[in-house]
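The structure presented is a predicted model; accordingly, all values stated were derived computationally and were not measured.
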Amino acid sequence: MNNKYLILTAMYRFGMLSMEDKPSFDQIKDLLTTINPHTTFPGSKLIVKKALRDNFGITKQEEIAPVLDELIHYALADGVIYSALIDIYLHAPEQFVSMSREKAAVYFSTDEKLKGYIKPFAPMWEQFQLAEDPSVSQEKIKTSILEFFQLDNDGERQNLTGLFKKNKCWLSLAKGRSVAGFNLSRIISILSDATMVGFLLEKEAEELLNHYGAVTEALFDNWQTFLSSAVFGKQLMSAISGNFIMDSTSYVESCYKLAAHKGKLLELSGLWPESDMTSFCRCISEEYGVGLEESESHTGESEPRFAFSQTKILPVLVKYGVSYLLDQEMCELSYTVPVSETSSGNFYDMEALVKKKKFRHGSDEIPFMAHSRLLVTDRFIRLFEKKLFGSKLHVLPWTQKLQFSYELTKLDLIAFKVNDMTMFHLPRNYKKVGISKKEDVYLDKNKVLEYYSEDIKNAISAFSELNRVLGNKAYS
């Protein structure tokens, strides 16, 4: 499953891109927006489970919501408090470390100043009802801010002074959001990981990703503001470490390289297009001495089959809720589809099938689905029908009106048919219905229909629309 808001966790994924291999934009987009970017790592599900447990105490679905609520609270409450602290530091940097509570109280005495720190977070209660308007409890907020100026917090102010001084060049680029970007990115990361390990169904995950992603999109105007906020939040927590926690240096470097890349990698999902990140890149480069190596700045050509399947086929499948039909992990027992990773075994499986002489397809055709008796391209469906003695090749053009249907086999497999001939066995999206792969194998016919009748209907609708889309020769 892919979702555009997963790119908000791109700083955690940049290291997986292997930029020296010159991945295509399609490959980059796929990795930055997929639920599971860890497919090439053995035991990745176990590692992600341990990370959720160690970092957030999440071991089951019921423990996710309280953690998300806590992070939303941090995004708002800490966001307002640290915005105030950044403001007073920028106003009087030399006095900040020794400033008394009384002097700070004078600076924060007006209601308008406090309202100014609260205003950037207004979408959280005005649009999304994630919190109460903090304006009604301004005195409580002021008290929390002033606590930093107590005598017993001199050490804390000393640490903040060091952090603020090092990052002074770009602190204002967060536009009053301070740590919010960091905590919202963590929420998206938790949802991705929780779905990968099976704590969330894909439908639930999609709804939550769209919800918290929309919150983030409403809070920030562009990538520069978001990255500045995310980096500040990470820097603030840089003392926290663990086996599954990305260190602050790697985090900052990944944010810089994503922002500085000439291919505008962060805009591949369509979020905050035309963001100007010049100031962020200049300040981070100067303060942290990071840059973009020549080998990291290049991209390759898109693998044509994968690009076609993602841009022409996937949108139709997404529309009908059956995008899993292009997920190689889900469909590998039924057929093969193009993949972005051209060095993988799945890519070579597709290569071998496409090169089979018996299919005799045109060099200008683009295959996007295949098994030993089926080759589906942008022009034709080639299908070998079993006969009593041998088999017969049927070549069905997409320009022809095709009839799609299904039938349960004796083994309760879902035979997906075109013109009453079996194309493939429809993959069963057991993740969506909340059961394991093992449990799915032992379902009886009635349960198969109960769990998957909606997917069957939607798959038929999706292929019927593909019939119209690909049958129109002007589609490309």
Q. Which atom names give the shortest non-hydrogen contact between Trp223 and Leu271, and what distance separates them?
A. NE1-O, 2.9 Å

Q. Is there a side-chain contact between Met11 and Leu227 (heavy atoms, below 4.5 Å)?
A. yes

Q) Closest approach of Arg428 and Ile414, non-hydrogen atoms and distance? A) CD-CD1, 3.9 Å

(Q) Is the shortest side-chain heavy-atom distance between Lys203 and Glu207 below 4.5 Å? (A) yes

Q | Which atom of Ser189 lies closest to which atom of Thr9, heavy atoms considered | A | N-CG2, 3.5 Å

Q | Pairs meeting criterion disulfide (SG to SG under 2.5 Å) with involvement of residues 248-277, two or more places apart | A | none

**Q.** His91 and Tyr107 aromatic centres sub-6.0 Å
**A.** yes

Q: To the nearest 0.5 angstrom, please state how far the CD1 atom of Ile64 sits from the CG atom of Asp69.
A: 12.0 Å

(Q) Out of the candidates Asn3, Leu200, Ile190, only one should pair with Leu208 under the side chain to side chain contact (heavy atoms under 4.5 Å, CB included) rule; please name it. (A) Leu200

Q) Is atom CD of Glu94 surrounded by more than 12 heavy atoms (other residues, nucleotides or ligands) closer than 6.0 Å? A) no

Q: Assess whether side-chain contact (heavy atoms from CB on, under 4.5 Å) is satisfied between Asp26 and Phe308, documenting all intermediate values.
A: CA-CA 10 Å; Asp26 286 316; Phe308 176 80; over 6 Å; no

Q: Identify the residue among Glu329, Glu202, Glu439 that makes a salt bridge (Lys or Arg N to Asp or Glu O under 4.0 Å) with Lys431.
A: Glu329

Q) Does Phe14 have its ring centroid less than 6.0 Å away from the ring centroid of Tyr251? A) no

Q: May I have the step-by-step check of side-chain contact (heavy atoms from CB on, under 4.5 Å) for Leu236 and Leu160, ending in yes or no?
A: CA-CA 8 Å; Leu236 201 62; Leu160 283 176; 3.8 Å; yes

Q) Just wondering, do Thr225 and Trp272 contact through their side chains at under 4.5 Å, heavy atoms? A) no

Q.
I'd like to check the side-chain hydrogen bond (donor to acceptor under 3.5 Å, both in side chains) partners of Gln95; sequence neighbours left out, ordered by chain and number.
A. Lys103

(Q) Measuring from atom NZ of Lys45 to atom NZ of Lys49, what distance do you get when rounded to the nearest 0.5 angstrom? (A) 7.0 Å

Q: Flag yes if more than 12 heavy atoms outside Lys175 fall under 6.0 Å of its NZ atom; otherwise flag no.
A: no

Q. Is the shortest heavy-atom distance from the side chain of Ile313 to the side chain of Leu466 under 4.5 Å?
A. yes

Q.
I need the Leu265 CG to Phe25 CZ distance, nearest 0.5 Å.
A. 6.5 Å

Q.
Whether the Asn467 and Ser464 side chains hold a donor-acceptor pair (N or O, under 3.5 Å, no angle test) is what I'd like checked.
A. no

Q | Under 3.5 Å: donor-acceptor pair, side chain of Gln328, backbone of Val337 | A | yes

Q. Under 4.5 Å between any side-chain heavy atoms of Thr216 and Tyr5, yes or no?
A. no

Q: On the 0 to 90° scale, with breaks at 30° and 60°, tag the Phe164-Tyr89 ring pair as parallel, tilted or perpendicular.
A: tilted

Q | Close side-chain approach of Leu130 and His211, heavy atoms under 4.5 Å | A | yes

Q) Between Ala370 and Leu353, what is the shortest heavy-atom contact and its length? A) O-CD1, 3.7 Å

Q) Hey, what do you get for CG (Leu8) to CG (Leu32), rounding to the nearest 0.5 Å? A) 11.0 Å

**Q.** NZ (Lys4) with more than 12 external heavy atoms under 6.0 Å
**A.** yes

Would you list the atom pairs, donor with acceptor, under 3.5 Å between side chains in residues 71-84 and any protein atom, with sequence neighbours excluded?
| unit_1 | atom_1 | unit_2 | atom_2 | d |
| --- | --- | --- | --- | --- |
| Tyr74 | OH | Glu70 | OE2 | 3.0 |
| Ser83 | OG | Gly79 | O | 2.7 |
| Ser83 | OG | Gly176 | O | 2.6 |

**Q.** Side chain Thr195, main chain Leu191, donor-acceptor under 3.5 Å
**A.** yes

Q) Do you know which two heavy atoms are closest between Ile7 and Leu266, and how far apart they sit? A) CD1-O, 3.5 Å

Q) Does Glu351 have any side-chain hydrogen bond (donor to acceptor under 3.5 Å, both in side chains) partners at least two apart in sequence or in another chain, and if so, which? A) Arg305

Q: Examine distances only and state if a side-chain atom of Arg177 and a backbone atom of Leu219 form a donor-acceptor pair shorter than 3.5 Å.
A: yes

Q: Spell out, as yes or no, whether a donor-acceptor pair under 3.5 Å connects the side chain of Tyr430 to the backbone of Lys438.
A: no

Q) Can you tell me how far the CD1 atom of Ile47 sits from the CG atom of Leu52, to the nearest 0.5 Å? A) 12.5 Å

**Q.** Sidechain-backbone polar pair: Asn458 side chain, Val322 backbone, donor-acceptor under 3.5 Å
**A.** no

Q.
Contact between Met237 and Val179 at the side-chain level, heavy atoms closer than 4.5 Å - yes or no?
A. no

Q | Side-chain ion pair, Lys432 and Asp455, N-O less than 4.0 Å | A | yes

Q: For Ser275 and Asn222, indicate whether the former's side chain and the latter's backbone hold a donor-acceptor pair under 3.5 Å.
A: no

Q) Of Met1, Arg13, Lys29, which meets side chain to side chain contact (heavy atoms under 4.5 Å, CB included) against Thr34? A) Arg13

Q: Sequence neighbours left out, what passes side-chain hydrogen bond (donor to acceptor under 3.5 Å, both in side chains) with Thr33? Give chain and number order.
A: Asn2

Q: Could you go through the side-chain contact (heavy atoms from CB on, under 4.5 Å) check for Met330 and Asn429 one step at a time?
A: CA-CA 7 Å; Met330 292 296 298; Asn429 193 357; 3.5 Å; yes

(Q) Donor-acceptor pair, distance only, cut-off 3.5 Å: does the side chain of Asn210 make one with the backbone of Glu206? (A) yes

Q: Say whether Tyr451 and Asp440, considering side chains only, have a donor N or O and an acceptor N or O under 3.5 Å apart.
A: no

Q | Arg468/Glu465 salt bridge by N-O under 4.0 Å criterion | A | yes

(Q) For a 4.5 angstrom cut-off between non-hydrogen side-chain atoms, does Ile187 reach Val215? (A) no

(Q) For the CE atom of Met277 and the NE2 atom of His261, what is their distance to the nearest 0.5 Å? (A) 11.5 Å

**Q.** Donor-acceptor under 3.5 Å (Trp170 side chain, Phe232 main chain)
**A.** no

Q | Heavy-atom closest contact (Lys142 atom, Phe108 atom, distance) | A | CE-O, 3.3 Å

Q.
Quick check against the 3.5 Å criterion: does Glu267 have a side-chain atom that pairs as donor or acceptor with the backbone of Glu274?
A. yes

**Q.** Asp154/Arg157 salt bridge by N-O under 4.0 Å criterion
**A.** yes

(Q) Is it the case that the ring center of Phe368 lies less than 6.0 angstrom away from the ring center of Phe306? (A) no

Q.
Quick one: does any side-chain atom of Ser185 pair with a main-chain N or O of Phe182 as donor and acceptor, under 3.5 Å?
A. no

Check residues 281-290 and write down every donor-acceptor pair under 3.5 Å in which the side-chain atom is one partner and the other belongs to a residue at least two apart or another chain.
| unit_1 | atom_1 | unit_2 | atom_2 | d |
| --- | --- | --- | --- | --- |
| Ser285 | OG | Val290 | O | 3.2 |
| Tyr288 | OH | Asn167 | OD1 | 2.4 |
| Tyr288 | OH | Gln235 | NE2 | 2.4 |

